[in-house]
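One structure below.
In what follows, chains are A, B, ... by sequence order, proteins preceding strands, each numbered from 1.
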There are 2 protein chains.
Amino acid sequence: MSTPESPRPRRRDRAATRAALLAAARLRFARDGYDATGVRDIAADVGVDPALVFRYFGSKQRLFAEVTAGAGAEVAAGATAGVGTGAAAGAGAGAEEAGDDGGAADLPLWLLRSAVAADWSDYAGEHPFVALLRSSGHEDARTQLQQQICDSYVRQLAAVSPGPDRELRAELLSAWLLGIGVARSVIRTPRLAEADFAELAPYFAEIAAMLLNRPAAAADNTSNTPAAAD
Amino acid sequence: MSTPESPRPRRRDRAATRAALLAAARLRFARDGYDATGVRDIAADVGVDPALVFRYFGSKQRLFAEVTAGAGAEVAAGATAGVGTGAAAGAGAGAEEAGDDGGAADLPLWLLRSAVAADWSDYAGEHPFVALLRSSGHEDARTQLQQQICDSYVRQLAAVSPGPDRELRAELLSAWLLGIGVARSVIRTPRLAEADFAELAPYFAEIAAMLLNRPAAAADNTSNTPAAAD
DNA sequence: CAGGAAAGTCATCGACTGATGACTCTGCTG
DNA sequence: CAGCAGAGTCATCAGTCGATGACTTTCCTG
């Protein structure tokens with residue numbers, strides 16, 4: 001339904017057909033998840049016979065692996081090169097001229113924008129990580145997800161964070177980014193689902209700075225922290 | 001594998017068999033998701049014929065609906081009655097004597113403990129929300145998830161938060177809780193997956209207090225301001 | 001134009017899914 | 001003991017899934 005089929009019988013082109021199948025699979029997997037996506041659906045989107053999927057990719061699993069590898073590469077490329085350049089980010093929000101003072105301090109905001117405002121129309125409108133989460137029942141998806149999140153989010157956030165426990169704090173912030181994506185597009189929490197980048201940025205920037213820059217927060221508020229644990 | 005089958009042919013008891021099927025389904029759905037769970041699997045766990053599932057629940061969908069309704073009720077009951085009483089929370093961490101100072105200020109920490117330290121062994125060891133997320137491909141699951149999260153998390157967090165935008169801030173905190181659960185059990189981020197409640201509580205308490213108590217943070221820092229904290 | 005490599009199609013397989021209805025067996029009651 | 005209501009089982013259906021291999025059609029090349 002997404003790809004309008006042309007009346008012409010589609011000129012034979014191995015590379016183009018393969019790419020079209022890959023794009024259709026990317027969209028389907030992102031929107032419906034691995035299990036709910038059938039090989040016949042993907043082929044129907046492109047307008048070819050389902051057998052071509054196996055001809056070009058070997059199996060549904062391998063097609064999925066190729067899709068997720070591409071998604072991971074795309075996110076990783078953006079995360080490493082995006083900060084400071086501001087490339088490939090402008091979608092809905094208007095605030096694009098982020099101060100290019102240092103770059104490192106902008107990383108959390110750049111990740112937030114990538115999560116809520118970037119153009120992920122190739123992935124059913126969601127950040128690839130959230131889309132990949134739909135297929136988390138499969139080992140391949142989880143492995144890719146863990147590796148890509150650690151590489152793209154945690155490692156870089158930890159790199160701009162001083163003090164001990166900086167990995168834990170980086171993972172906490174990564175978890176927040178992920179949770180925001182899930183809440184917006186999967187659960188559709190009313191207020192958050194319609195918020196744009198400009199509305200979330202102040203809160204996120206303040207807390208990200210606090211979390212990343214402060215090694216060990218105030219440990220005195222033991223109102224109900226387990227004091228006798230250790 | 002989870003339910004040890006007794007060698008005796010299982011005395012006939014409609015209520016007990018129904019309850020056993022429900023428990024087995026809860027575990028399977030939580031661990032593997034709706035699609036990956038077969039009616040035959042559930043019946044095999046209990047040791048009865050798959051046809052009994054349809055006899056007692058009508059369809060797989062209705063069985064799933066009953067499971068999720070129970071999960072939602074369990075979470076909601078804990079969220080409404082748990083703060084101040086500290087009931088049904090002690091699992092891994094030993095501290096149960098929550099400071100009964102006010103109750104409202106403890107809500108975020110209570111939710112965190114419920115997410116990372118409560119005994120959810122009936123749900124494959126994960127918070128029901130995270131478990132339910134595995135079946136998010138189905139409308140029923142998403143509806144339940146949205147309703148329960150709004151009722152159990154957002155509404156109560158917004159109730160203890162002053163000022164404008166308190167719903168958005170409550171949803172942001174709810175998203176963080178959700179993201180922490182996903183990162184810990186689905187993605188298995190290394191540092192966060194092994195952290196316990198005591199390790200996370202200081203960070204979470206500080207940021208939750210900041211997010212909930214401050215109506216609108218500094219709105220000028222769209223780029224980066226770690227300075228205008230307090 | 002002739003031929004062949006390759007792009008694409010067709011029919012079909014075997015396994016598995018949720019679901020149905022007729023059946024058997026158990027255990028309580030009179 | 002007889003009988004009956006109902007708990008549990010069996011065989012089976014219709015549909016879908018991923019996957020395979022033989023087939024047909026296209027298009028480039030000589």
Side-chain angles (χ1 to χ4, degrees), chain A residues 3 5-26 28-29 31-68 134-135 137-141, chain B residues 3 5-26 28-29 31-68 134-135 137-141:
Chain A
T3 304
E5 70 269 38
S6 56
R8 291 193 307 181
R10 185 176 193 53
R11 179 167 177 78
R12 297 193 166 192
D13 184 338
R14 178 186 175 93
T17 303
R18 213 190 108 104
L21 281 172
L22 203 58
R26 188 167 45 207
R28 286 267 183 187
F29 285 144
R31 193 181 50 194
D32 305 327
Y34 181 86
D35 286 320
T37 298
V39 175
R40 290 167 174 83
D41 301 326
I42 299 170
D45 284 347
V46 179
V48 297
D49 194 271
L52 278 190
V53 169
F54 302 96
R55 210 187 230 339
Y56 290 152
F57 301 96
S59 70
K60 184 188 174 187
Q61 287 255 5
R62 284 220 284 277
L63 168 59
F64 181 72
E66 192 158 328
V67 165
T68 59
R134 290 236 169 78
S135 307
H138 285 259
E139 197 58 37
D140 297 352
Chain B
T3 303
E5 69 270 38
S6 56
R8 290 193 306 179
R10 183 175 192 61
R11 179 166 178 76
R12 297 194 168 192
D13 184 339
R14 179 186 174 93
T17 302
R18 213 190 107 103
L21 282 173
L22 203 58
R26 187 168 46 208
R28 286 265 183 188
F29 284 145
R31 194 182 49 195
D32 305 327
Y34 181 87
D35 285 319
T37 298
V39 176
R40 290 167 174 83
D41 301 325
I42 299 170
D45 284 346
V46 179
V48 297
D49 194 273
L52 278 190
V53 169
F54 302 97
R55 211 188 230 340
Y56 290 152
F57 301 96
S59 70
K60 185 188 175 188
Q61 287 256 5
R62 283 221 283 278
L63 169 60
F64 181 70
E66 193 157 329
V67 166
T68 58
R134 290 234 170 79
S135 308
H138 284 259
E139 197 60 37
D140 298 352

Rounded distance in Å - NZ (Lys60(B)) to P (dA19(C)): 8 Å
Side chains of Leu52(B) and Thr17(B) in contact at under 4.5 Å (non-hydrogen atoms): yes
Out of dC28(D), dT25(D), dT9(C), whichever nucleotide has its closest atom nearest the side chain of Leu52(A): dT9(C)
Salt bridge Asp32(A)-Arg134(A), side-chain N to carboxylate O under 4.0 Å: no
Check: Lys60(A) and Ile42(A) side chains under 4.5 Å, non-hydrogen atoms: no
For nucleotides 21-23 of chain D, tabulate all protein N/O to nucleotide N/O atom pairs closer than 3.5 Å, reporting atom names and distance.
none

Candidate nucleotides dT12(C), dA7(D), dT25(D), ranked by approach to the side chain of Arg40(A) - the nearest: dT12(C)
Thr17(B) side-chain N/O to dG8(D) phosphate OP1/OP2 under 4.0 Å: yes
Shortest side-chain distance from Phe54(A), nucleotide among dT20(C), dA7(D), dT20(D): dT20(D)
Spacing between Asp41(B) atom CG and dC16(C) atom C1', to the nearest angstrom: 11 Å
Min side-chain heavy-atom separation Arg26(B)-Glu66(B) under 4.5 Å: no
Asp35(B) CG - dT17(C) P separation (whole Å): 12 Å
Interatomic distance where CG belongs to Asp32(A) and P belongs to dC17(D) [whole Å]: 12 Å
Separation of atom CG in Leu63(A) from atom P in dG18(D), rounded to whole Å: 11 Å
Length of the CG-P vector between Leu21(A) and dG18(D), whole Å: 14 Å
Touch class at under 4.0 angstrom, heavy-atom based, for Tyr56(A) against every strand present: sugar-phosphate
Any side-chain heavy-atom pair of Leu22(A) and Phe57(A) under 4.5 Å: yes
Residue that, paired with Leu21(A), satisfies side-chain contact (heavy atoms from CB on, under 4.5 Å) out of Val53(A), Val39(A), Leu63(A): Val53(A)
Nearest to side-chain heavy atoms of Arg12(A), which nucleotide of dG8(C), dG8(D), dG18(C): dG8(C)
Ring geometry between Phe29(B) and Tyr34(B) (parallel below 30°, tilted from 30 to 60°, perpendicular above 60°): parallel
Between dA19(D) (P) and Phe64(A) (CZ): distance, integer Å: 14 Å
Interatomic distance where NE2 belongs to His138(A) and P belongs to dC17(D) [whole Å]: 14 Å
